[in-house]
J.: 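Sharing a structure with you now.
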Amino acid sequence: MTRICFLNPFCGDRADSLIEETVSPYLRNGTTVDVWHHKTGPDFPDYYVSKHLTEVEIMRSAVAAERAGYDAFVIGCSYDPGLTQCRELVNIPVVGPLESSTALARSFGHRYSVLTDHHKAVPELEDRLRVYGTSANCRSVRAIDWFDRTCCSTSTRSPTMRGRRPTRWPSGTARRRSSGAAP
């Protein structure tokens, strides 16, 4: 049996069941996923200090997952915070969604774009794409002005986010929707 640890580095346990419900239908037979979350630390990695503090907790979680016998560790944030550092610390695969999705995008076409929620994310994502060697194929990285600090403060889906659309969509983009605490 393959065991995957999926770390939700933000929002505490409020998003754990949503993550499990989303990921579980796509698991191969004989594979299980356990969703972990941090009990402490910043809710958002949008600023350099909070990002650094989050990365420290992510590294601790990767080491704990390896010690607990997991076969892989997934960082559940599209910034891929701590991805390179975790790979240096553990001997199991460590996956970041930005790196994985941009690598996979090449098999579907020559170009892709990245949409994010907050303007502070744009330069961070652009930097990561350069590190991954995929920036030449990226047409744009754009924020859709959907950032809401309350999304992690009271419930899995904040009343202010429930059913809310971004205030503006970048021109030419599709409007589709996609369907345990760390030690």
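Given the structure is predicted, the values throughout are model-derived calculations rather than measurements.
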J.: As an exercise, state the distance from CG of Leu89 to OG1 of Thr84, rounded to the nearest 0.5 Å.
T.: 11.0 Å
J.: Can you tell whether the side chains of Arg87 and Glu99 come within less than 4.0 Å, N to carboxylate O?
T.: yes
J.: Are the side chains of Val122 and Arg142 in touch, meaning some heavy atoms are under 4.5 Å apart?
T.: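 They are not in contact (no side-chain heavy atoms under 4.5 Å apart), so the answer is no.
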J.: Any chance you could measure Arg128, atom CZ, to Leu83, atom CG, to the nearest 0.5 Å?
T.: 6.5 Å
J.: Measuring from atom CG of Asp34 to atom CG of Leu7, what distance do you get when rounded to the nearest 0.5 angstrom?
T.: 12.0 Å
J.: Could you tell me the separation between the CD atom of Glu55 and the SG atom of Cys77, rounded to the nearest 0.5 Å?
T.: 9.5 Å
J.: Examine distances only and state if a side-chain atom of Thr31 and a backbone atom of Leu27 form a donor-acceptor pair shorter than 3.5 Å.
T.: no
J.: State, with a plain yes or no, whether a side-chain heavy atom of Leu98 is found less than 4.5 Å away from one of Leu125.
T.: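 Contact flag for Leu98/Leu125 side chains = yes.
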J.: Quick check for you: to the nearest 0.5 Å, what is the distance between Asp80 atom CG and Leu129 atom CG?
T.: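 If I round to the nearest 0.5 Å, the distance is 9.0 Å.
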J.: Applying salt bridge (Lys or Arg N to Asp or Glu O under 4.0 Å), run through Glu124 and Lys120 and close with a yes or a no.
T.: CA-CA 7 Å; Glu124 177 66 26; Lys120 282 286 286 185; over 6 Å; no
J.: Are Asp71 and Ile4 side-chain neighbours, meaning at least one heavy-atom pair lies under 4.5 Å?
T.: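 Asp71 does not reach Ile4 side chain to side chain.
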J.: Any carboxylate oxygen within less than 4.0 angstrom of a Lys/Arg side-chain nitrogen, looking at Arg130 and Glu126?
T.: no
J.: Would you say the side chain of Val90 lies within less than 4.5 Å of the side chain of Val63, judging by non-hydrogen atoms?
T.: yes
J.: For a 4.5 angstrom cut-off between non-hydrogen side-chain atoms, does Glu66 reach Asn91?
T.: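 Yes, their side chains come closer than 4.5 Å.
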J.: Using the rule given for ring pair (Phe, Tyr, Trp, His ring centres under 6.0 Å), can you reason through Trp36 versus Phe73, listing the C-alpha separation, both sets of side-chain angles and the distance that settles it, and then say yes or no?
T.: CA-CA 10 Å; Trp36 287 7; Phe73 183 75; 7.1 Å; no
J.: Val33 versus Ser24: any side-chain heavy-atom pair under 4.5 Å?
T.: yes
J.: Would a hydrophobic clustering, with Ile, Leu, Val, Met, Phe, Trp and Tyr connected at side-chain separations under 4.5 Å, put Tyr132 with Ile58?
T.: yes
J.: Just by distance, with hydrogens left out, do Tyr112 and Ser101 show a side-chain donor and acceptor under 3.5 Å apart?
T.: no
J.: Roughly how far, to the nearest 0.5 Å, is the CZ atom of Arg139 from the NE2 atom of His110?
T.: 12.5 Å
J.: With side-chain contact (heavy atoms from CB on, under 4.5 Å) as the test, would you mind laying out the steps for Cys138 and Arg111 before giving the verdict?
T.: CA-CA 6 Å; Cys138 184; Arg111 303 266 189 198; over 6 Å; no
J.: Under a single-linkage definition using a 4.5 Å side-chain heavy-atom cutoff for Ile, Leu, Val, Met, Phe, Trp and Tyr, are Leu53 and Ile75 assigned to the same hydrophobic cluster?
T.: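 They do not share one cluster, since no chain of ILVMFWY contacts under 4.5 Å joins Leu53 to Ile75.
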J.: Where do Arg3 and Ala68 come nearest, in terms of heavy atoms and distance?
T.: NH1-O, 3.1 Å
J.: With no hydrogens and no angle check, just 3.5 Å: does a side-chain donor-acceptor pair link His37 and Asn8?
T.: no
J.: Check whether any side-chain heavy atom of Thr22 sits under 4.5 Å from a side-chain heavy atom of Ile19, and report yes or no.
T.: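 Not touching, per the 4.5 Å side-chain cut-off.
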